Peer 1: 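Please read through the structure below; I'll follow up with questions.
These figures come from a predicted structure and were not determined experimentally. Letters go in sequence order (proteins before strands), and every chain restarts at 1.
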Amino acid sequence: MHERRKPYPFDSIEPKWQTLWDERRLFHAPNPGEPGFDPAQPKYYVLDMFPYPSGAGLHVGHPEGYTATDIVARYKRLRGFNVLHPMGWDAFGLPAEQYAIRTGQHPEITTRQNIARFKMQLKRIGFSYDWEREITTTDPDYFRWTQWIFLQIYGSWLNPETQKAEPIATYCGDDPDSVRLAYVAEVPVNWCPELGTVLANEEVIDGKSEVGGFPVVRRPMRQWMLRITAFAERLIDELEPLAWPDGIKLLQRNWIGKSVGAEVQFAVADHDETITVFTTRPDTLYGATYMVLSPENSLVARLASPDQAEAVAIYQKEVAAKSDLERTDLAKDKSGVFIGAYALNPASEARIPIWIADYVLSGYGTGAIMGVPAHDERDLEFARKFDLPILEVVQPPNDEVTVGFVGEGTAINSPLIEGLATTEAKQRISAWLEEQGLGRRTINYKLRDWLFSRQRYWGEPFPIVWSEGKHSAISESELPLVPPPLDDFKPTGSGEPPLARATDWVRYSDAATRELNTMPQWAGSCWYYLRFCDPENNGRFVGEDAERYWMNVDLYVGGTEHAVLHLLYARFWHKVLFDLGHLKTNEPFQRLVNQGIILGEDGRKMSKRWGNVIDPLDVIALYGADAFRCYEMFMGPLEQMKPWSMTGVEGVSRFLARVWRLFMEENQSGEWILSSSLAEAAPTKAQLKILHATIKKVTEDIEALSFNTAIAQMMIFVNAFTTAEVRPVAELRTFLVLLNPFAPHLSSELYESLGKRFSITSPEITDQPWPEYEEALLAEDEIEIALQVNGKVRDRVQVATAATREELEALALANPRVQEFIAGKSLGKVVVIPGKLVNVVAT
RNA sequence: GCCGCUGUGGCGAAAUGGCAGACGCAACGGACUUAAAAUCCGUUGGGCUUAACGGCCCGUGCCGGUUCGAGUCCGGCCAGCGGUACCA
């Protein structure tokens with residue numbers, strides 16, 4: 001293949017402008033109080049989800065969101081905003097550690113190399129980041145503040161009175177650790193015996209380790225937890241006013257999973273025990289014909305009868321041995337064992353059998369349920385399998401089958417609430433339970449506390465020491481707490497973290513040793529958006545003035561994969577810091593947008609396996625960065641999933657070449673010179689109109705992030721001006737400003753070239769104001785309207801824009817085509833939509 | 001199962017309830033060229049009809065509804081993609 005002729009000299013233009021932007025610090029945003037800061041301007045903080053710098057480098061998915069935010073950032077700057085548009089690296093993470101385990105190369109080196117490559121790629125695309133604000137989560141100057149924030153969380157609790165985090169000193173009870181927002185608990189974790197390590201949920205696929213495919217079992221271990229559940233209510237409520245996609249809000253709400261219901265106490269026959277269950281349907285209490293405890297419930301051992309004890313023990317053992325895979329697989333088939341004890345239904349006083357079954361989870365509610373088989377699918381399946389009684393207590397509103405009806409209806413067979421509608425029945429029975437001291441109204445959440453420790457090397461060490469089995473914080477002055485040097489980064493195999501190998505480091509004092517766990521990768525990304533406001537600050541995680549000026553994030557763009565966890569965790573930390581008075585804002589991200597993923601040309605997800613991965617640098621080598629950016633935006637709506645197309649890139653590249661030739665032509669010796677068609681001439685009316693339509697469309701579309709249609713409009717502009725014999729330079733110059741956020745290199749170069757021959761007031765396009773459109777110039781004297789008969793277009797006619805309804809109606813009725821179609825029919829009403837159409841109804 | 005998103009030409013897609021298919025790709029025809037590439041101009045949803053200009057019908061996953069008028073709103077399905085997994 002011989003070398004393709006470049007459609008325009010992007011290969012010399014683009015590096016030139018990239019260098020120039022760097023040298024002039026053009027995209028550096030000074031902070032309040034710094035030289036060059038203009039307090040008169042409004043601010044705009046536009047943020048990307050910063051990447052994990054993997055060894056593979058950028059793929060075309062990363063720059064999709066980055067291009068969108070870059071367009072917005074450049075646009076807002078042209079509109080006079082102080083724009084904060086930063087980039088950094090979420091650099092702690094498993095791949096670098098695993099590479100270290102294989103090769104012995106320290107993760108820090110791998111990380112540094114990967115960052116350098118990522119940064120080079122991003123610069124080559126021409127993004128206008130303020131690189132003076134670059135941050136890396138693995139940098140001690142950064143993670144000292146991650147550790148500091150952990151200490152804030154560790155040192156506080158959620159006061160239920162105020163629903164706010166407060167210093168732990170304000171807690172008056174005798175066990176502060178029971179309320180601390182960071183605490184240690186014995187919790188089941190994903191233990192992989194083959195790998196000798198604990199895995200995060202995301203690292204477990206179908207009950208097997210993502211790496212190696214080894215079985216993973218649940219095993220209780222002592223872990224650091226963050227009490228995010230204390231914020232469940234606020235995390236739901238304060239989501240409401242944010243400008244986020246409804247789907248994402250819903251996803252978060254469902255993840256938090258609020259359920260309103262009641263706890264009900266059941267006495268156990270012949271025992272001095274009670275079992276408390278949680279139910280969302282207290283109105284079905286009379287229908288509770290049996291009871292189920294989770295196999296792990298501590299009551300089981302005490303309640304099991306001697307003749308059932310063995311069966312119970314066997315079942316418990318079976319369940320414990322089940323891997324996640326088996327549990328998932330067997331989910332459809334219910335299993336369980338009768339424990340030989342009975343409970344008393346507090347409403348009906350019936351004696352009901354107590355079972356254990358693994359469909360009841362120990363971690364949710366009270367770890368016990370009342371079985372109401374008539375009105376719960378799972379209970380019904382269980383009751384049918386084990387032949388337990390089924391008692392209908394809710395009458396469906398229509399003629400539906402009663403057994404298995406889970407909706408709302410009327411209470412039956414329930415003396416205390418007989419005949420009441422479900423909502424009222426719930427109220428009545430809950431009130432009765434409360435009067436009798438047998439229960440209370442309560443709320444449960446699916447959300448669990450956040451398992452915050454990892455048994456890894458490449459993460460932030462906890463600023464915690466242990467002495468006589470008790471944890472305590474190290475002082476802030478000891479931060480950053482840097483991980484010790486190690487030669488061997490492998491897990492120890494016993495479940496003990498690799499940091500245990502650094503024996504000197506572990507020993508804190510004669511009496512105390514360091515915490516060996518490290519924080520999960522989420523930690524660094526929970527607050528990076530704050531650090532961007534003031535990345536150099538050595539005295540505080542973010543300066544107060546800087547935070548007050550820049551926060552909130554006005555626009556946050558990233559992938560849906562972070563729709564739940566990252567965004568939930570970051571909101572949680574933000575709220576703690578807010579409550580403690582360290583921040584002025586309650587929520588971090590005002591407007592959120594998720595870009596859709598880009599598929600390969602074959603319509604499949606890009607992956608090495610299919611060989612359909614596109615490297616941005618390859619595309620840029622052929623078509624240039626501007627074409628790459630514009631194509632990414634022209635493909636379709638930002639939020640939508642869409643396939644890559646190389647011929648599509650070529651089309652956009654042709655558009656940019658047409659822009660180039662609008663201004664430039666080749667002379668005899670093949671050099672590009674300013675086009676002879678350019679002139680300081682008055683535009684035609686039609687040209688003015690199209691320019692102003694373009695200003696309007698591009699402006700509105702950027703605000704709405706509808707970049708594809710903005711580009712389409714610019715294509716219309718270029719097509720119209722290409723055919724003009726005289727090209728009015730003032731209008732073309734304005735067009736370059738519109739194009740600038742999308743194709744910054746090309747537009748800058750052409751703008752500069754124009755300045756060489758035509759008078760130009762400011763030296764650079766970036767000093768231009770964003771143009772305003774004039775509505776008057778968009779108006780037409782005459783427009784075409786459609787004439788319809790019964791909703792079908794029968795003719796189109798030119799009419800004066802100012803034509804009145806009456807004139808339009810008369811015109812339509814007099815039209816021969818319309819008359820043809822209404823002939824012989826009786827005339828109904830005539831709908832007139834000025835500027836659009838007239839619809840004549842005839843039957 | 002449940003929840004969410006998406007279904008429009010050969011393809012990516014446009015369209016405040018008001019002329020479906022803007023813009024681009026691909027394809028085809030023409031100009032330029034010794035030729036090709038590049039560039040420029042034009043045609044391009046399907047069917048029927050006309051010598052031609054033109055005209056008619058159908059068409060936004062399927063079925064129904066609201067409306068003078070539905071790709072758009074409402075109800076019920078179907079398919080694809082994504083998330084989630086017994087949360088009482």
Peer 1: Does CG belonging to A:Asn667 count more than 12 external heavy atoms closer than 6.0 Å?
Peer 2: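 Buried by this count: over 12 neighbours within 6.0 Å.
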
Peer 1: Can you tell me if the side-chain N/O atoms of A:Arg658 get under 4.0 Å from OP1 or OP2 in B:A38?
Peer 2: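 Looking at the OP1 and OP2 atoms of B:A38, neither is under 4.0 Å from any side-chain N or O of A:Arg658.
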
Peer 1: Roughly how far apart, to the nearest Å, are B:C78 and B:C62 at atom C1'?
Peer 2: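 That atom pair is separated by 7 Å.
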
Peer 1: Mind checking A:Asn719 for me? I need base, sugar-phosphate or nothing, with any heavy atom below 4.0 Å counting as a touch.
Peer 2: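 A:Asn719: backbone/sugar contact only, no base atoms under 4.0 Å.
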
Peer 1: Please report, rounded to the nearest Å, how far the P atom of B:G24 is from the CH2 atom of A:Trp644.
Peer 2: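 Taking CH2 of A:Trp644 and P of B:G24, I get 19 Å after rounding.
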
Peer 1: Give the rounded distance in Å between these two atoms: CG of A:Leu656 and P of B:C23.
Peer 2: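 After rounding, the reported distance stands at 18 Å.
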
Peer 1: Provide the distance between the two C1' atoms, one in B:U67 and one in B:C53, to the nearest whole Å.
Peer 2: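 One C1' to the other, the span is 37 Å.
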
Peer 1: Check each of A:Asn815, A:Thr843, A:Val840 against A:Ile822 using the side-chain contact (heavy atoms from CB on, under 4.5 Å) test, and report the only one that passes.
Peer 2: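 The passing option is A:Val840.
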
Peer 1: Distance check, C1' atoms only: B:U60 and B:C73, in whole angstrom units.
Peer 2: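 One C1' to the other, the span is 16 Å.
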
Peer 1: Counting any heavy atom closer than 4.0 Å, what does A:Phe717 reach on the DNA or RNA strands: base, sugar-phosphate only, or nothing?
Peer 2: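 Contact class for A:Phe717: none.
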
Peer 1: Quick check on side-chain contact (heavy atoms from CB on, under 4.5 Å): which of A:Lys696, A:Glu703, A:Lys697 does A:Glu700 satisfy it with?
Peer 2: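 When A:Lys696, A:Glu703, A:Lys697 are each tested with A:Glu700, the side-chain contact (heavy atoms from CB on, under 4.5 Å) holds only for A:Lys696.
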
Peer 1: What distance do A:Thr276 atom OG1 and A:Leu438 atom CG have between them, rounded to the nearest 0.5 Å?
Peer 2: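 Here the rounded value is 10.0 Å.
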
Peer 1: Give, for atom OG1 of A:Thr722 and atom CG of A:Leu662, the distance between the pair rounded to the nearest 0.5 Å.
Peer 2: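 Those atoms lie 5.0 Å apart.
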
Peer 1: Taking the P atom of each, how far is B:G54 from B:C63, in whole Å?
Peer 2: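 These two P atoms come out 33 Å apart once rounded.
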
Peer 1: Which one, B:G24, B:A88, B:G18, comes nearest to the side chain of A:Met715?
Peer 2: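 Nearest listed nucleotide: B:G24.
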
Peer 1: Rounded to the Å, how far apart are A:Glu666 CD and B:U39 P?
Peer 2: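 My rounded result for the distance is 12 Å.
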
Peer 1: For side chain to side chain contact (heavy atoms under 4.5 Å, CB included), just list the numbers for A:Glu561 and A:Met49, CA-CA rounded to whole Å, side-chain angles, deciding distance to a tenth of an Å, and then say yes or no.
Peer 2: CA-CA 11 Å; A:Glu561 68 273 21; A:Met49 289 184 185; over 6 Å; no

Peer 1: Testing A:Phe10, A:Trp672, A:Phe655 one by one against A:Trp660 for a ring pair (Phe, Tyr, Trp, His ring centres under 6.0 Å), which residue passes?
Peer 2: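 Passing option: A:Trp672.
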
Peer 1: Looking only at side-chain N and O atoms, does A:Tyr315 offer a donor or acceptor that is under 3.5 Å from a partner on A:Ser335?
Peer 2: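 A pair is found: one side chain offers a donor N or O, the other an acceptor, under 3.5 Å apart.
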
Peer 1: For RNA chain B, list all stems, counting runs of three or more consecutive pairs where every pair is Watson-Crick or G-U wobble with both distances under 3.5 Å.
Peer 2: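 So the stems come out as B:1-7 with B:78-84, B:10-12 with B:23-25, B:27-31 with B:39-43, B:45-49 with B:54-58, B:61-65 with B:73-77.
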
Peer 1: Taking the C1' atom of each, how far is B:G45 from B:A38, in whole Å?
Peer 2: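 Those two atoms are separated by 31 Å.
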
Peer 1: Assign A:Glu784 to base, sugar-phosphate, or nothing according to its heavy-atom contacts below 4.0 angstrom with the strands shown.
Peer 2: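 Answer is base: heavy atoms of A:Glu784 come under 4.0 Å of a base.
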
Peer 1: When you compare B:C57 with B:G4, how far apart are their C1' atoms, in angstrom units rounded to a whole number?
Peer 2: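 Per the computed distance, 39 Å lies between those C1' atoms.
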
Peer 1: Give A:Val360 one of three labels, base, sugar-phosphate or nothing, depending on what nucleic acid heavy atoms sit under 4.0 Å from its own.
Peer 2: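 Counting heavy atoms under 4.0 Å across all strands, the contact made by A:Val360 includes a base.
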
Peer 1: Does a side-chain N or O of A:Arg794 approach OP1 or OP2 of B:C57 to a distance below 4.0 Å, or not?
Peer 2: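 Result: yes.
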
Peer 1: Please determine, for the side chain of A:Arg661, which listed nucleotide (B:C86, B:U39, B:A22) has the closest atom?
Peer 2: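 Among the listed nucleotides, the one closest to the side chain of A:Arg661 is B:U39.
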
Peer 1: Using a heavy-atom cut-off of 4.0 Å across all strands, would you classify A:Thr280 as base, sugar-phosphate, or nothing?
Peer 2: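 Sugar-phosphate contact only - A:Thr280 comes under 4.0 Å of backbone atoms but never of a base.
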
Peer 1: Roughly how many Å is it from CD in A:Gln788 to C1' in B:G69, rounded to a whole number?
Peer 2: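 A:Gln788 atom CD is separated from B:G69 atom C1' by 7 Å.
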
Peer 1: In whole angstroms, how far is the C1' atom of B:A85 from the CD atom of A:Glu377?
Peer 2: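 Going from CD in A:Glu377 over to C1' in B:A85 covers 13 Å.
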
Peer 1: Are A:Phe382 and A:Tyr290, when compared by the centres of their aromatic rings, separated by less than 6.0 Å?
Peer 2: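 When the ring centroids of A:Phe382 and A:Tyr290 are compared, they turn out to be within the sub-6.0 Å range.
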
Peer 1: For atom P, what is the distance between B:C23 and B:G61, given to the nearest Å?
Peer 2: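 Those two atoms are separated by 22 Å.
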
Peer 1: In the 5'-to-3' direction, what one-character label does each nucleotide of nucleotides 3-16 of chain B receive under the scheme B = base within less than 4.0 Å of a protein heavy atom, S = sugar-phosphate only, - = no such atom?
Peer 2: SS-------BSS--

Peer 1: Write down the distance separating the C1' atoms in B:G9 and B:G83, rounded off to the nearest Å.
Peer 2: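 Straight-line distance between the two C1' atoms is 32 Å.
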
Peer 1: Heavy atoms only: give me the nearest A:Asn345-A:Leu285 pair and the separation to one decimal.
Peer 2: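 In this case the closest contact between A:Asn345 and A:Leu285 is ND2-O, 2.8 Å.
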
Peer 1: Using a 4.0 Å heavy-atom cut-off, does A:Arg253 contact any base of the nucleic acid, only the sugar-phosphate backbone, or nothing at all?
Peer 2: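 Answer is nothing: A:Arg253 stays at 4.0 Å or more from every strand.
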
Peer 1: Do A:Arg727 side-chain atoms and A:Glu725 backbone N/O form a donor-acceptor pair below 3.5 Å?
Peer 2: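 It does not hold such a pair.
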
Peer 1: If you find the nucleotide of RNA chain B closest to A:Ile711 and the one closest to A:Val841, which residue's nucleotide is nearer the 5' end?
Peer 2: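 Between the two, 5'-proximity favours A:Ile711.
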
Peer 1: Assign A:Thr560 to base, sugar-phosphate, or nothing according to its heavy-atom contacts below 4.0 angstrom with the strands shown.
Peer 2: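 Counting heavy atoms under 4.0 Å across all strands, no contact is made by A:Thr560.
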
Peer 1: With a non-hydrogen cut-off below 4.0 angstrom, is A:Gly257 in contact with a base, only sugar-phosphate, or nothing?
Peer 2: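 Contact class for A:Gly257: none.
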
Peer 1: Taking only the side-chain heavy atoms of A:Val831 (C-beta and beyond), determine which of B:C56, B:C68, B:A88 contains the nearest atom.
Peer 2: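 Closest nucleotide among those given: B:C68.
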
Peer 1: Using atom types as modelled and distance alone, determine if a side-chain donor or acceptor of A:Lys258 lies under 3.5 Å from a backbone N or O of A:Ala232.
Peer 2: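 Not a single qualifying donor-acceptor pair exists.
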
Peer 1: Any ion pair linking A:Glu666 and A:Arg661 (charged N to carboxylate O, less than 4.0 Å)?
Peer 2: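 Judged by the 4.0 Å cut-off on N to carboxylate O distance, A:Arg661 and A:Glu666 do not form a salt bridge.
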
Peer 1: Using OP1 and OP2 only, check whether a side-chain N or O of A:Lys446 sits under 4.0 Å from B:C86.
Peer 2: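 Answer no for this pair, as no side-chain N or O of A:Lys446 is under 4.0 Å from OP1 or OP2.
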
Peer 1: What is the glycosidic conformation of B:G61: syn, defined as within 90° of 0, or anti?
Peer 2: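 Here the answer is anti: the torsion falls beyond 90° from 0.
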
Peer 1: If I take atom CZ in residue A:Arg805 and atom C1' in nucleotide B:G18, what distance separates them, rounded to the nearest angstrom?
Peer 2: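 Taking CZ of A:Arg805 and C1' of B:G18, I get 13 Å after rounding.
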
Peer 1: Go nucleotide by nucleotide along RNA chain B from the 5' end; which of A:Asn790 and A:Leu837 gets its closest nucleotide reached first?
Peer 2: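 With A:Asn790 and A:Leu837 compared, the 5'-side residue is A:Leu837.
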
Peer 1: Taking NZ from A:Lys334 and C1' from B:A88, how many angstroms apart are they, rounded to a whole number?
Peer 2: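 About 11 Å, once rounded to whole Å.
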
Peer 1: Does A:Arg654 have a side-chain nitrogen or oxygen under 4.0 Å from the phosphate oxygens OP1 or OP2 of B:C25?
Peer 2: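 Indeed, a polar side-chain atom of A:Arg654 lies that close.
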
Peer 1: Please tell me if A:Tyr364 has a side-chain N or O lying less than 4.0 Å from either OP1 or OP2 of B:A88.
Peer 2: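 For B:A88, OP1/OP2 do have a side-chain N/O of A:Tyr364 under 4.0 Å.
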
Peer 1: Contact class for A:Arg448 vs. all strands (heavy atom < 4.0 Å): base, sugar-phosphate, or nothing?
Peer 2: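 Base contact.
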
Peer 1: Round to the nearest Å and state the distance from A:Glu381 atom CD to B:G1 atom P.
Peer 2: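 One finds 15 Å between P of B:G1 and CD of A:Glu381, rounded.
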
